[in-house]
Amino acid sequence: MIRILAGLMLLASTALAQDDTAKLYAEHCAQCHGPERLGGLGPALLPENLGRLRPAEAVKVILEGRPATQMQGFADKIGKEQAEALAKLAYTPLATLPVWGMAEIEQSRIVHAKPDSRPAKPIHSADPLNLFTVVETGDHHVTILDGDRFEPLARFPSRFALHGGAKYSPDGRYVYLGSRDGWISKYDLYDFALVAEARAGINSRNIAVSSDGRYVIAANYLPHSLAVLDARDLKPLKVIEAGDGKGKTSRVSAVYTAPPRQSFIAALKDLKELWEIPYADDAKPIYRGLVHSYEKGMVEGQAILGPFPVRRIEIEDYLDDFFFDPPYANLIGASREGKAQVVNLLVGRTIKTLALPGMPHLGSGIAFAKDGVPLMATPNLKEGAISVIDMKSWQVVTRIDTPGPGFFLRGHENSPFAWTDLMMSKNKDTLVILDTRTLQVARTLTPAPGKTAAHVEFTKDGKYALVSIWEMDGALVIYDAQTFAEVKRLPMKKPSGKYNVGNKIGYSSGTSH
Ligand code: DHE
């Protein structure tokens, strides 16, 4: 009898513990990671997505936070035992994993304005190539800014938690925005109208637009897939499972377009593979022998033919982040652990590995030349250092020390200065300006003491630099990029990235693409 009672008490206490964990999750985690652990502002917390994180590490992350992310430590709110229970929950599979394929994307799709109902020319008088798309994450809005007069032209609500760069159609008319919860929105900069939206995944990383303007692709964390959509109305064309073909699947770290190659390049987070997905109609002969699958995408009229075959490139380590050299012949990528590798896209293999300090943020790298030598520079999420790399020898030329780690780096062909932030440090209110001629720090700027300053983008002509004061009562501060004098300050709600049409569609070497 006593044994039965003890057993019942144990059961009750386990049930209570589970309840407690669920309550803890709802209180501390659900807001960012979603009530069902499917992700939101933070990534999905499922065993399928935690393959590279050991459970003991997960407990540490819960208590101490994760560098370079929005994940703060909870040690002041919960104890080790509670953190262990939460980590255990994160490694517990869901009874059923939600499906998000062609049918679900199609069902989610909203066509706000028919592609053939669009105006023939802009309804505004601003220079269409000097517009900025400014993402305000504070209240999930987007502002379209005239880059000559620095006046907002339009402001509209966005999907939840936009992340990654805004992407433009090759003519700069349309902007495509991707949210962490998988939505892609297409917006017309001619008349400031939302054209179409579709949810390409449940938890996504970023999007890319093909250089011919025909396709949009989303890199997903959940499901483990890439989704290709028709850029005209976001109709799904193909969902490609990100896997090794033998049962192991992977999150997709990021996807970009490589214009001279007419292909998308995607990095995988849980497989040591880099994928090239050509989108040109004649891709089949080019990739004969390298392609593991070849299927025609959906045909719409005669205009859209999307084969989207996948060329797998086996590489030496996982890639969380990468940067192309300007001819798109090589890319340099790194895992968050700091081991960088150069992959040659022509031969399809790693040609060099190099040690970079801390946690390089290659996605934020820039290219420039010094004394005729093509260089790139990358910020670092963990160390106060900008690494400068020779893109011919792929050797580190120098390390420029800064007063703390930062997130973004930005330059422009018409300016000798590159701007970086110290967002990941106690000096987060300060920007560091580097002289690319001397590879030295030229000066620092503190636009709003005590407030985070980060993410810079130049105007099309490189004359002005726009800086975010990354706070709820934040601002966009416009500086003369030569004299560093403040020109204007526009109040904004936690502005994160800002993307200049001309710099993006012109593939400026000082900005991300
Ligand atoms: Fe980003 C771009 C990955 C955290 C704001 N970030 C990107 C890109 C990648 C990436 C792969 C390039 C996509 C593109 O432009 O198409 N980001 C990651 C991470 O792995 C990381 C470290 C962890 C995570 O939470 O996913 C991360 N990023 C953040 C943030 O915490 C930031 C500061 C705030 C936020 O909004 O989430 C943030 N990331 C940004 C911004 C860009 C970006 C503003 C676009 C930069 C650009 O100029 O192109």
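Atoms within a ligand are numbered from 1 in the order they appear, just like the ligands themselves. Counting from 1, the numbers follow the sequence of the chain as shown. Computed from a predicted model, the values in this text were never measured in an experiment.
The protein non-hydrogen atom at the shortest distance from atom 10 (C) of ligand 1 is H163 CE1, 3.4 Å. Summary of contacts: the protein heavy atom closest to atom 34 (C) of ligand 1 is Q70 NE2, 3.2 Å. Protein heavy atom closest to atom 12 (C) of ligand 1, with residue, atom name and distance, is Y256 OH, 3.2 Å. For atom 16 (O) of ligand 1, the closest heavy atom belonging to the protein is K167 NZ, 2.5 Å. For atom 26 (O) of ligand 1, the closest non-hydrogen atom on the protein side is R205 NH1, 2.7 Å. A68 O, 3.0 Å is the protein heavy atom nearest to atom 22 (C) of ligand 1. In this structure, atom 25 (O) of ligand 1 lies nearest to the protein heavy atom R180 NH1, 3.2 Å. Protein heavy atom at the shortest distance from atom 2 (C) of ligand 1 is G164 CA, 3.6 Å.
Between K504 and ligand 1, not a single N/O pair is under 3.5 Å apart. Between S512 and ligand 1, an N or O atom pair is found at a separation short of 3.5 Å. At least one N/O-N/O distance between N206 and ligand 1 falls below 3.5 Å. At under 3.5 Å, not a single nitrogen or oxygen of H361, backbone or side chain, sits near a nitrogen or oxygen of ligand 1. In terms of polar-atom proximity, G497 is not counted as a contact of ligand 1, lacking any N or O under 3.5 Å from an N or O of the ligand. Annotation: H455 places an N or O atom under 3.5 Å from an N or O atom of ligand 1; distance criterion only.
Between D233 and K186 no salt bridge is recorded (no basic side-chain N to carboxylate O distance below 4.0 Å). The pair D270-R251 meets the salt-bridge criterion, since a charged nitrogen lies less than 4.0 angstrom from a carboxylate oxygen. With salt bridges taken as basic N to acidic carboxylate O contacts below 4.0 Å, one links E383 and R399. For the pair D188 and R173, the salt-bridge criterion is met [side-chain N within less than 4.0 Å of a carboxylate O]. Salt bridge status for K494 with E471: absent, with no side-chain N to carboxylate O gap under 4.0 Å. By the 4.0 Å N-to-carboxylate-O rule, R109 lies too far from D230 to be salt-bridged with it.
Residue R410 places a heavy atom less than 4.0 Å from ligand 1.
A distance of 6.0 Å separates CG in L145 from CG in L490, rounded to the nearest 0.5 Å. Distance check: W275 CH2 to S250 OG gives 8.0 Å after rounding to the nearest 0.5 Å.
Of all atoms in ligand 1, listed by their number and element, those nearer than 4.0 Å to a heavy atom of Y499 are 44 (C), 45 (C), 47 (C), 48 (O), 49 (O). Using a 4.0 Å cut-off to heavy atoms of T69, the atoms of ligand 1 that qualify are 23 (C). The distance from ligand 1 to the heavy atoms of A254 drops below 4.0 Å at these ligand atoms: 11 (C).
Using a 4.5 Å heavy-atom cutoff, the side chains of N503 and H412 are in contact.
Remark: of the listed residues T350, I389, L331, L354, L354 is the sole one forming a side-chain contact (heavy atoms from CB on, under 4.5 Å) with V342. When each of Y499, F407, W470 is paired with H455, the ring pair (Phe, Tyr, Trp, His ring centres under 6.0 Å) condition holds for Y499 and for no other.
In this structure a side-chain-to-backbone donor-acceptor pair under 3.5 Å is present from K488 to F150.
Only the side chain of W470 comes within 4.0 Å of ligand 1, judged by heavy-atom distances.
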